Amino acid sequence: FRSTRRLGSALFLGFDSSTQGLKVSAVDEALTTVYTAAINFDRDLPQFKTKGGVHEHGNAVVTTPALMLPTALQTVLDRMKKDNFPFEKVVTISGSGQQHGSVYWAQRGLDRLKALEPDQDLAAQLQDGFATNDCPIWMDSSTTSQCRELEAVVGGPIALAQLTGSSAYERFTATQILKKKQSQPDVYGRTAHISLISSAMCTLLLGRPAPIDTSDGAGMNLMSLSTTDWAPSLVEAIDSQLPTKLLSPVPAHNVVGTVADYFQKRYGFTADCLLNAWSGDNPNSVAGLGLKAPGDVGVSLGTSDTIFSIIGKQDANPGVEGHFFPNPVDPESYMAMLCYKNGSLSREGVAERVAGGDWNTFAELVKTRPAGNEGYLGYFIDRPEIIPHILKPGVRRFAPDDSVLSEFPSPAIEALAVLEGQFMSMRCHGERLGLVPKTIIATGGASANATITQVLANVFGCPVLVAEQSDSASLGAAYRAMQAYHCHTKGHFVPFEEAIGHDLTASHTVVAEPDPEAHVTYSAFRARYSELEAVVCQE
């Protein structure tokens with residue numbers, strides 16, 4: 001396949017299939033965002049009865065419905081059609097997906113993808129196309145025993161991290177596949193192909209199984225970071241036939257095909273509209289924020305919180321915590337990342353308790369407190385946490401003398417404590433990973449909250465900037481679509497900035513400058529924070 005179209009009025013489309021919804025952004029060649037649309041799964045797809053986009057089954061099992069993916073894609077595309085979106089101008093599509101989630105296709109589902117009828121709904125034709133409708137996602141933490149199994153196979157957590165970029169984590173896909181094979185052998189036996197959320201969405205648009213890209217593939221505990229192919233020792237530990245259910249990983253800038261006939265006829269995409277390999281939401285945020293140097297650090301403040309940066313391959317030192325993935329826009333470097341399950345939902349829970357959910361009231365409470373909160377410290381673990389590794393939920397509160405409190409003396413202390421606790425953790429653990437920012441570029445819903453970004457700036461002692469569009473994942477996917485187009489049409493790799501023709505950071509806006517005195521307070525605070533964190537981890 002080779003696109004022969006010349007650019008002129010071309011559009012590049014980026015989707016983001018997140019935990020709670022699906023968003024699309026379209027950009028033109030000048031990187032102007034010309035169209036966006038979004039749906040929320042709970043609100044717009046009530047038939048799936050999700051809460052926060054997921055089903056919680058108990059025993060730390062958290063899934064999302066497989067059929068919700070094609071339903072969401074069609075709902076967004078139908079909305080675009082109703083808005084008279086010019087599908088015929090789209091030259092390349094890319095996308096982003098919540099990381100780690102796995103989708104189990106039955107053979108009949110793959111067969112139906114090849115013969116979809118454009119006058120029928122997508123999900124209706126895939127009704128029984130999955131081996132299971134329950135797709136485990138990143139919020140699931142039910143695979144501790146499988147984590148230990150995979151670590152033992154290669155010689156322990158550090159050995160696994162050095163092989164795959166991460167030690168074993170419950171949410172990572174390899175442990176979920178192993179659990180599926182062990183606990184649901186009938187489902188595993190019916191599975192013809194396994195996708196990540198990102199490659200599953202790409203598969204729908206492609207009309208056949210799409211490969212996993214190497215950036216998202218590194219979030220599986222299955223791919224060798226050095227060879228960017230599935231690690232034989234881990235494959236053998238799960239199932240020697242596993243490669244028949246997976247395609248080999250491909251670089252994130254690769255074009256994997258053209259848009260399937262179904263979408264051409266139903267919506268008006270052209271026959272030569274290219275599909276770029278989809279990637280994970282965090283890798284796409286690297287592209288969307290324009291991170292290009294080790295001092296540029298992104299902080300995503302969403303359902304989960306992440307802190308990530310570009311790091312040279314020679315500087316990468318995978319260990320027990322944190323993750324290293326191939327950089328999605330530059331195969332010669334890595335992205336380093338820490339991920340926290342307790343992000344916006346914890347902040348929202350505190351705001352609800354102390355301010356009735358009113359963020360203005362929450363902000364006023366925070367402003368009444370000095371940096372360091374006079375020694376009061378909180379660890380807000382509403383869900384089993386990744387960093388630090390705490391499986392027992394619950395809020396731990398400490399007084400200035402380190403004694404344990406059941407609650408803080410005032411709502412204002414609680415309000416500041418949740419922010420300081422989250423950002424101090426990012427700083428302490430990030431420094432161990434080599435994430436020492438000169439500038440923070442914030443994204444995600446909470447990046448629009450001035451109170452939150454000010455505490456972030458104070459803790460790290462550097463300016464906080466935001467992009468014009470707070471959702472960096474869908475925008476990053478659109479930018480990656482542009483890079484993939486140029487790589488494909490020129491027949492060789494084209495650097496990201498050359499492909500998009502812009503320095504993305506030039507348009508970012510400074511939203512918070514650090515208070516030097518506050519930063520000194522937080523710097524002096526690190527040792528005590530880490531000591532009390534260790535106490536919590538030993539419970």
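Numbers here simply count residues along the sequence, with the first being 1. Predicted model only: the values in this text are computed from it and were never measured.
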>> Can you give me the closest heavy-atom contact between Pro393 and Arg396, atom names plus distance?
In response: C-NH1, 3.6 Å
>> Any carboxylate oxygen within less than 4.0 angstrom of a Lys/Arg side-chain nitrogen, looking at Glu531 and Arg528?
In response: no
>> Any non-hydrogen side-chain atom of Leu126 less than 4.5 Å from a side-chain atom of Leu204?
In response: yes
>> With side chain to side chain contact (heavy atoms under 4.5 Å, CB included) as the criterion, how do Thr443 and Ser300 come out once you've worked through the C-alpha distance, each side chain's angles and the decisive distance to 0.1 Å?
In response: CA-CA 5 Å; Thr443 185; Ser300 177; 3.7 Å; yes
> Under the side chain to side chain contact (heavy atoms under 4.5 Å, CB included) test, which residues partner Ala260, sequence neighbours left out?
Replying inline: Phe263
> What residues form a ring-ring contact (aromatic ring centres under 6.0 Å, His included) with Phe525, not counting sequence neighbours?
Replying inline: none
> Is there a donor-acceptor contact under 3.5 Å from the side chain of Arg480 to the main chain of Ala277?
Replying inline: yes
> Do Leu113 and Leu206 pass the side chain to side chain contact (heavy atoms under 4.5 Å, CB included) test, and can you show the C-alpha distance, the side-chain angles, and the key distance before you say yes or no?
Replying inline: CA-CA 9 Å; Leu113 281 176; Leu206 188 60; over 6 Å; no
> Are Thr143 and Glu170 close enough, and set up right, to give a side-chain hydrogen bond (donor to acceptor under 3.5 Å, both in side chains), and what steps lead you there?
Replying inline: CA-CA 5 Å; Thr143 61; Glu170 283 82 2; 5.6 Å; no
> CG of Asn59: more than 12 outside heavy atoms within 6.0 angstrom?
Replying inline: no
>> Under a 3.5 Å distance rule, please check whether Asn284 uses its side chain to pair with a backbone N or O of Leu475 as donor and acceptor.
In response: no
> salt bridge (Lys or Arg N to Asp or Glu O under 4.0 Å): which pairs involve residues 60-69, sequence neighbours left out?
Replying inline: none
>> Using every non-hydrogen atom in the two residues, find where Ala192 and Leu110 come nearest and quote the distance to one decimal.
In response: CB-CD1, 4.0 Å
Which pairs would a plain distance check flag for residues 210-223, meaning a side-chain donor or acceptor within less than 3.5 Å of a matching protein atom at least two apart in sequence or in another chain?
{"unit_1": "Asp213", "atom_1": "OD1", "unit_2": "Asp216", "atom_2": "N", "d": "3.3"}
{"unit_1": "Asp213", "atom_1": "OD1", "unit_2": "Ser279", "atom_2": "OG", "d": "3.2"}
{"unit_1": "Asp213", "atom_1": "OD2", "unit_2": "Ser215", "atom_2": "N", "d": "2.9"}
{"unit_1": "Asp213", "atom_1": "OD2", "unit_2": "Asp216", "atom_2": "N", "d": "3.4"}
{"unit_1": "Asp213", "atom_1": "OD2", "unit_2": "Ser279", "atom_2": "OG", "d": "3.0"}
{"unit_1": "Ser215", "atom_1": "OG", "unit_2": "Pro326", "atom_2": "O", "d": "2.6"}
{"unit_1": "Asp216", "atom_1": "OD1", "unit_2": "Gln99", "atom_2": "NE2", "d": "3.0"}
{"unit_1": "Asp216", "atom_1": "OD2", "unit_2": "Ser198", "atom_2": "OG", "d": "2.6"}
{"unit_1": "Asn221", "atom_1": "OD1", "unit_2": "Tyr169", "atom_2": "N", "d": "3.3"}
{"unit_1": "Asn221", "atom_1": "ND2", "unit_2": "Thr164", "atom_2": "OG1", "d": "3.2"}
{"unit_1": "Asn221", "atom_1": "ND2", "unit_2": "Ser166", "atom_2": "O", "d": "3.0"}
{"unit_1": "Asn221", "atom_1": "ND2", "unit_2": "Ser167", "atom_2": "O", "d": "3.2"}

> Which residues pass the side chain to side chain contact (heavy atoms under 4.5 Å, CB included) test with Ala106, sequence neighbours left out?
Replying inline: Arg108
>> With a 3.5 Å distance limit and no angle check, can you tell me whether Asp121 reaches the backbone of Ala123 through a side-chain donor-acceptor pair?
In response: no
>> Quick check for you: to the nearest 0.5 Å, what is the distance between Thr306 atom OG1 and Leu301 atom CG?
In response: 8.0 Å
>> If I compare all heavy atoms of Val286 with all of Asn327, which pair ends up nearest, and what's the gap?
In response: CG1-OD1, 4.0 Å
> According to the side-chain hydrogen bond (donor to acceptor under 3.5 Å, both in side chains) rule, which pairs have a member within residues 124-133, sequence neighbours left out?
Replying inline: Arg112-Asp128
>> Before you tell me yes or no, could you show the steps for Ser96 and Asp16 under side-chain hydrogen bond (donor to acceptor under 3.5 Å, both in side chains), namely the whole-Å CA-CA distance, both residues' side-chain angles and the distance that decides it to 0.1 Å?
In response: CA-CA 4 Å; Ser96 159; Asp16 175 32; 2.9 Å; yes
> Are side-chain heavy atoms of Phe380 and Val418 found at a separation under 4.5 Å?
Replying inline: yes
> Under the ring-ring contact (aromatic ring centres under 6.0 Å, His included) test, which residues partner Phe48, sequence neighbours left out?
Replying inline: none
>> Show the nearest heavy-atom pair for residues Phe408 and Ala417, with the distance to one decimal.
In response: CE1-CB, 3.7 Å
> Is a donor on one side and an acceptor on the other found under 3.5 Å between the side chain of Ser425 and the backbone of Gly421?
Replying inline: no
> Are any of the side-chain heavy atoms of Trp359 and Thr451 separated by less than 4.5 Å?
Replying inline: no
> Any side-chain heavy-atom pair from Val235 and Pro243 closer than 4.5 angstrom?
Replying inline: yes
> Side-chain contact, heavy-atom cut-off 4.5 Å: Ser142 with His57?
Replying inline: no
> Is Arg190 reaching over with its side chain to a backbone N or O of Ala131, donor-acceptor style, under 3.5 angstrom?
Replying inline: yes
> Do Arg171 and Asp140 come close enough that some side-chain heavy atom pair is under 4.5 Å?
Replying inline: no
> Mind checking what makes ring-ring contact (aromatic ring centres under 6.0 Å, His included) contact with Phe460, not counting sequence neighbours?
Replying inline: none
> Hey, mind stepping through Asp401 and Ser403 against side-chain hydrogen bond (donor to acceptor under 3.5 Å, both in side chains) and telling me if it holds?
Replying inline: CA-CA 6 Å; Asp401 63 359; Ser403 60; 2.6 Å; yes
> Can you list every side-chain hydrogen bond (donor to acceptor under 3.5 Å, both in side chains) pair that touches residues 230-240, not counting sequence neighbours?
Replying inline: Tyr188-Asp239
> Where do Ser145 and Arg148 land on the side-chain hydrogen bond (donor to acceptor under 3.5 Å, both in side chains) test, with the steps shown first?
Replying inline: CA-CA 5 Å; Ser145 64; Arg148 302 294 81 81; over 6 Å; no
> Do the non-hydrogen side-chain atoms of Tyr104 and Lys180 ever get within less than 4.5 Å of each other?
Replying inline: yes
> Can you check side chain to side chain contact (heavy atoms under 4.5 Å, CB included) on Gln176 and His100, steps first, answer last?
Replying inline: CA-CA 9 Å; Gln176 295 290 345; His100 317 300; over 6 Å; no
> With a 3.5 Å cut-off and no angle check, do the side chains of Tyr522 and Glu420 form a donor-acceptor pair?
Replying inline: yes
>> Tell me if the aromatic rings of Tyr379 and Tyr529 count as close, with their centers under 6.0 Å from one another.
In response: yes
>> Counting only heavy atoms not in Glu431 (residues, nucleotides, ligands), do more than 12 fall under 6.0 Å from its CD?
In response: yes
> Quick one: salt bridge (Lys or Arg N to Asp or Glu O under 4.0 Å) partners of Glu352, sequence neighbours excluded?
Replying inline: none
> With a 4.5 Å heavy-atom cut-off, do His55 and Thr50 have their side chains touching?
Replying inline: yes
> For the residue pair Ala200 and Leu69, what are the closest heavy atoms and their distance?
Replying inline: CB-CD1, 4.3 Å
> So which pairs with a foot in residues 378-389 pass salt bridge (Lys or Arg N to Asp or Glu O under 4.0 Å), sequence neighbours left out?
Replying inline: Glu56-Arg383
>> Is the ring pair Phe172/His323 parallel, tilted or perpendicular, if the boundaries are 30 and 60 degrees?
In response: tilted
> Where is the tightest heavy-atom contact between Leu338 and Gly322, given as atom of each residue plus distance?
Replying inline: CD2-CA, 3.6 Å
>> My understanding is that only residues two or more places apart in sequence, or in another chain, count here; which of them pass salt bridge (Lys or Arg N to Asp or Glu O under 4.0 Å) with Glu321?
In response: Arg432
